[in-house]
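Read the numbers this way: they start at 1 and go in the same order the structure lists the ligands and their atoms.
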Amino acid sequence: MSKVAIVKCRSYNEDDIENSLNIAFDLLSEDSQESILKRIVFENSTVLLKPNMLGGYSPEEGVNTHPNVIKVVAKLVKEAGGNAIIGDSPSFAIKGIEQVWEKSGFKNVADSLGIDIINFEKDGLMEVDVPQSTFFEKLFIAKQAFHADIIINLPKLKTHTNTILTGAIKNLLGLVPGFLKAEFHRRAHRPSQFGVALSEILSVIKPSLNIMDAIVGMEGNGPTAGKLRIINLLLVSTDPVALDAVFANLVWLNPLDIPTIYAAYQKNLGEADLKNIEIVGIPLNKIRLSNFILPKQSLLTLLPSPIVKILANLIRIRPLILEDKCSKCKLCITGCPVKAISWEKEKININYNLCIECFCCHEFCPNRAIKLKETFSTFIYFKILGLMSRIRKLWA
Ligand code: SF4
Ligand code: SF4
């Protein structure tokens, strides 16, 4: 049976994080006297810490995993005998990855502990075969993911315009360096397909431990432009699928409605049935988050696909450029997986005939200059769905 520990953590103060994590590690220790971390980390092992390093955002913006969570985990790894390194591949590092490390506070963490941050782009890739593949027979993954003895996955609790939630499974996309990520959107642009493609990464790389930063999470149109929500929790598990399933339930969603969880569960990569997940620490029913705001697009994802097909032309959400916020950095042009964005007449233009509504541009625009705009019929439809969801919660 998979186990997920849920513990309170009242702030990003290092002592608070350390106390909470030690409680969670003990809760997951099974019958052994040793905490789960000490059982996983062995003497002189190399431990790759894989945070959510989405881009050059400060810790206060709540987009990346908070640097103090990484710092405390690295410290505890050292105490357990291991050598931590930090690595991720942000989708877009406009002014270079060093600028992302600086702004996110990750460089400070590495410098203060004397540990390395790995630039996956420069460090090299490994080609791996994907068993029972649907989208990728082979994947190119950061070399360090295979060279390290242990991977500790450090996702952040956030919503996501494509996959509804971004958690432990989705965080592994950062192991695919640079623009190779765009291929995921190109080949698997529907959320259900994208979930399957992401599960293919999990089928070749399984983190030994997953620690979700849910001290301050993000709701609404995440993973960059949503609203911050103080949650004061840390979630820990050796099973990334179970961890995400608990996160889904925490925000009143059926885990199997989340494309990443559904796909990974179908491939037997982890547990998503809450009946088979033991929750230790705080019981879920005491901490479910009321009125958690989902991304607009997710309401379409939650519908059965035959209905979506029928309503496809009525219910549309499109990226829209906010001219007054756009710095004309042209990053969205480079990053759009289907080349639907171009530079015309001194401004950014989106060709909606080509757009596959993956919302990558919304995710990586550094100025939050891309808005998700629904048609009028979609607006009405969402109002009805919102009402239905409130009624459902009253019954639950
Ligand atoms: S919309 Fe955003 S990413 Fe695109 S050019 Fe403007 S600021 Fe840059
Ligand atoms: S325009 Fe934006 S939403 Fe449309 S395909 Fe390109 S990146 Fe995706």
Sub-6.0 Å ring centroid separation between F194 and H189 = no
F135/F184 aromatic ring centres below 6.0 Å = no
Could you tell me whether V338 approaches ligand 2 through its side chain, its backbone, both or neither, with non-hydrogen atoms closer than 4.0 Å?
-> side chain
Tell me who clusters with I370, hydrophobic residues only, linked when side chains sit under 4.5 Å apart either directly or through other members.
-> L320, I321, I333, I341, W343, I348, I350, Y352
side-chain hydrogen bond (donor to acceptor under 3.5 Å, both in side chains) assessment of S2 paired with D239 | CA-CA 6 Å; S2 293; D239 179 346; 2.6 Å; yes
Quick one: which of N153, D88, T65 gives a side-chain hydrogen bond (donor to acceptor under 3.5 Å, both in side chains) with K50?
-> D88
Near atom 4 (Fe) of ligand 1, which protein N/O/S atoms fall under 2.8 Å?
-> C332 SG
Side chain to side chain contact (heavy atoms under 4.5 Å, CB included) assessment of F292 paired with L250 | CA-CA 9 Å; F292 189 79; L250 182 71; over 6 Å; no
of all protein heavy atoms, closest to atom 3 (S) of ligand 2 is F359 N, 3.1 Å
Can you pull out the closest protein heavy atom to atom 8 (Fe) of ligand 2? Residue, atom name and distance to 0.1 Å, please.
-> C358 SG, 2.4 Å
Salt bridge or not for E61 and R368, using N-O below 4.0 Å?
-> yes
M212 and side-chain contact (heavy atoms from CB on, under 4.5 Å): which partner among D244, L234, V246?
-> D244
Quick check: does C360 put an N/O/S atom under 2.8 Å from atom 6 (Fe) of ligand 2?
-> no
Would you call R39 and E34 a salt bridge, taking side-chain N to carboxylate O under 4.0 Å as the test?
-> no
Record the part of P319 in heavy-atom contact with ligand 2 below 4.0 Å; permitted values are side chain, backbone, both and neither.
-> side chain
What residue and heavy atom of the protein are closest to atom 6 (Fe) of ligand 2, and at what distance?
-> C336 SG, 2.3 Å
Which residue and heavy atom of the protein sit nearest atom 4 (Fe) of ligand 2, plus the separation = C355 SG, 2.4 Å
Atom 5 (S) of ligand 2: nearest protein contact (heavy atom, Å) | I356 N, 3.4 Å
d(I118 CD1, S89 OG) to nearest 0.5 Å is 13.0 Å
